[in-house]
Amino acid sequence: MEHDHRVVVLGAGYTGMMTAIRLAHRTRRANVRITLVNPSARFTERLRMHEIAAGRQLADHRIPDLLAGTGISFVRGTATAIDADARTVTVDDGAATLDYDTLVYALGSSADTGRVPGAGEHAFTLNSPQAAVRLAGRLKEIAATGGTVTVCGGGLTGVEAATEIAEAHPGLHVTLVGLDEPGAMMGAKARAHLRRALDRLGVTVKAGARVTKVLPDAVELETGELLPSDACLWTAGVTVSSLAADAGIGVDDRGLVVVDATLRSVSHPEVHAIGDAAAVRLAWGRIHGTCQSGLPTAQYTADTIARLLRGRRVRPFRFGYIHQPVSLGRRDAVIQFTHADDTPRRAYLKGRAAVLYKETVSSSPVKVYRLSKRMNVTATLSKGGRATREPAA
């Protein structure tokens, strides 16, 4: 008797959860066995890590609860090796071995503290709820004495963290350091609102500055300037797991799995890579890692696996960006609406309306998971229109 088709999903972040739950619904009448592997039983809302760092307590969403009724097996553990020839995954250095027919690689990314001396030893990150809680504890310690906080990385994660911390701890002196002007990818009006929010909250901005070393009590810039720092938060750059590369699965120079137009590994077609772990290129360029692009890759991959199992044709993945939502503390936000390639449109949203918009975005994944257990819910708000349309044969 032929065995069930075994699907192993590595990573229960935004993308891994979406793929597993949607695939379970799409294959509920088929002989498919899905296993989801993740080190923690708590679902991490990465979009909200800066809120934890500022001292807020978030809802505790448990992965087994989110999977209840789906038939998905949850394995709590860390995938430590892949044997791409034998099609097995080793969990916790041999505590368990999982066989697969199809592998979904959804291990995501984390802040890269390895490129600048001292960042790994002395900087905090938002890589996990535990890391964010450690930062929250340190901020509470230094807030009473008017301590200094340096946020390294002027991207949107750095902006959200700097404004959240400054609002929650008005006594702290917060400095945002980055190579570019905060909100550089936004239109002029949205960028101006973002800058006004930083100024209103007393955040000092050092744009065009490169960090060369993180010390226990300071951050050193390329110019030699030392910024006193009682706490350093590192949000600059990302790194990914070496698991795929170690297994001989084709990766690019950043370690991302190189995929074809259907998000399957070019070296091992039984491996589907999604979200931050995949090097996805469309006609307009490369997708960068965000929840906005990650969930569509997850939805597409669940549908693709279901179609392949039924012997049906699979169309290439299509996706287009629609917005750049940025919280600026709890009482302000800015939303830059974009073209498919993530360049800014003229339209933007600010203030209270933007706060409500951003909260809707941040809270939507868990709601989508719960609905996806019963119906096919789309997480793809745009396929990119003409920018990603297949050329005529």
Side-chain angles (χ1 to χ4, degrees), residues 13-15 18 45-51 108-109 126 153-164 178 180-198 235 238 274-276 278 280-300 317-369 371 377-389:
Y14 287 119
T15 58
M18 180 70 180
E45 294 184 275
R46 286 290 295 271
L47 293 175
R48 296 186 185 276
M49 290 301 96
H50 58 286
E51 297 179 37
S109 64
L126 300 177
L156 300 185
T157 300
V159 168
E160 290 194 324
T163 52
E164 195 84 37
D180 299 317
E181 182 72 20
M185 71 294 294
M186 294 180 156
K189 291 183 178 180
R191 187 168 61 250
H193 181 79
L194 186 153
R195 188 58 186 259
R196 286 194 296 271
L198 289 166
T235 69
V238 296
I274 57 177
D276 295 5
V280 182
R281 294 197 67 87
L282 296 175
W284 48 261
R286 181 173 61 85
I287 288 177
H288 56 85
T290 64
C291 182
Q292 181 183 178
S293 58
L295 285 177
T297 68
Q299 173 184 320
Y300 171 87
F317 174 68
R318 294 178 61 203
F319 164 78
Y321 290 99
I322 64 164
H323 59 201
Q324 297 161 352
V326 188
S327 63
L328 303 169
R330 293 294 87 205
R331 296 184 290 275
D332 196 5
V334 62
I335 316 295
Q336 174 66 66
F337 295 101
T338 69
H339 298 285
D341 63 357
D342 210 30
T343 55
R345 294 182 183 272
R346 294 180 62 184
Y348 78 106
L349 201 60
K350 64 180 181 179
R352 184 60 184 165
V355 171
L356 294 173
Y357 187 108
K358 177 63 164 66
E359 177 56 30
T360 300
V361 169
S362 297
S363 62
S364 63
V366 171
K367 295 175 182 177
V368 168
Y369 302 149
L371 285 171
V377 180
T378 186
T380 305
L381 300 180
S382 170
K383 290 188 176 182
R386 285 182 291 181
T388 59
R389 191 165 294 144

Considering all heavy atoms, the nearest [X]-[Y] contact:
{"X": "Pro296", "Y": "Ala379", "value": "CG-O, 3.6 Å"}
{"X": "Leu328", "Y": "Ala197", "value": "CD1-CB, 3.7 Å"}
{"X": "Phe319", "Y": "Gln292", "value": "CE1-O, 3.5 Å"}
{"X": "Leu295", "Y": "Thr15", "value": "N-CG2, 4.1 Å"}
{"X": "Ala333", "Y": "Ala354", "value": "O-CB, 3.4 Å"}
{"X": "Val159", "Y": "Gly154", "value": "CG2-O, 3.9 Å"}

Would you give the length of the straight line joining atom [atom1] of [X] to atom [atom2] of [Y], rounded to the nearest 0.5 angstrom?
{"X": "Thr378", "Y": "Leu371", "atom1": "OG1", "atom2": "CG", "result": "12.5 Å"}
{"X": "Asp332", "Y": "Arg352", "atom1": "CG", "atom2": "CZ", "result": "10.5 Å"}
{"X": "Lys189", "Y": "Lys350", "atom1": "NZ", "atom2": "NZ", "result": "9.0 Å"}
{"X": "Ser109", "Y": "Arg46", "atom1": "OG", "atom2": "CZ", "result": "6.0 Å"}
{"X": "Leu356", "Y": "Leu349", "atom1": "CG", "atom2": "CG", "result": "9.0 Å"}

Testing the 3.5 Å rule here: is there a donor-acceptor pair between the side chains of Ser327 and His50?
yes
Could you tell me whether the side chain of [X] and the main chain of [Y] form a donor-acceptor pair under 3.5 Å?
{"X": "Gln324", "Y": "Asp342", "result": "yes"}
{"X": "Tyr357", "Y": "Val334", "result": "no"}
{"X": "Gln336", "Y": "Arg345", "result": "yes"}
{"X": "Tyr14", "Y": "Leu47", "result": "yes"}
{"X": "Ser363", "Y": "Glu359", "result": "yes"}
{"X": "Ser382", "Y": "Gly384", "result": "yes"}

Taking the side chain as C-beta and beyond, is there a heavy-atom pair between [X] and [Y] under 4.5 Å?
{"X": "Phe317", "Y": "Ile287", "value": "yes"}
{"X": "Met186", "Y": "Pro344", "value": "no"}
{"X": "Ile274", "Y": "Met18", "value": "no"}

Can you list the residues that meet the ring-ring contact (aromatic ring centres under 6.0 Å, His included) rule with His288, with sequence neighbours excluded?
Tyr321
Any carboxylate oxygen within less than 4.0 angstrom of a Lys/Arg side-chain nitrogen, looking at Arg48 and Glu160?
no
Listed by chain and number, what are the side-chain contact (heavy atoms from CB on, under 4.5 Å) partners of Lys383, not counting sequence neighbours?
Arg318, Thr380
Taking side-chain contact (heavy atoms from CB on, under 4.5 Å) as the test, write out the residues that go with Asp180, two or more places apart.
Ala184
Do Tyr348 and His193 make the cut of ring centroids closer than 6.0 angstrom?
no
Evaluate Arg191 against Met185 for side-chain contact (heavy atoms from CB on, under 4.5 Å), listing each step before the verdict.
CA-CA 8 Å; Arg191 187 168 61 250; Met185 71 294 294; over 6 Å; no
side-chain contact (heavy atoms from CB on, under 4.5 Å) between Val355 and Arg331, worked out:
CA-CA 7 Å; Val355 171; Arg331 296 184 290 275; 5.7 Å; no
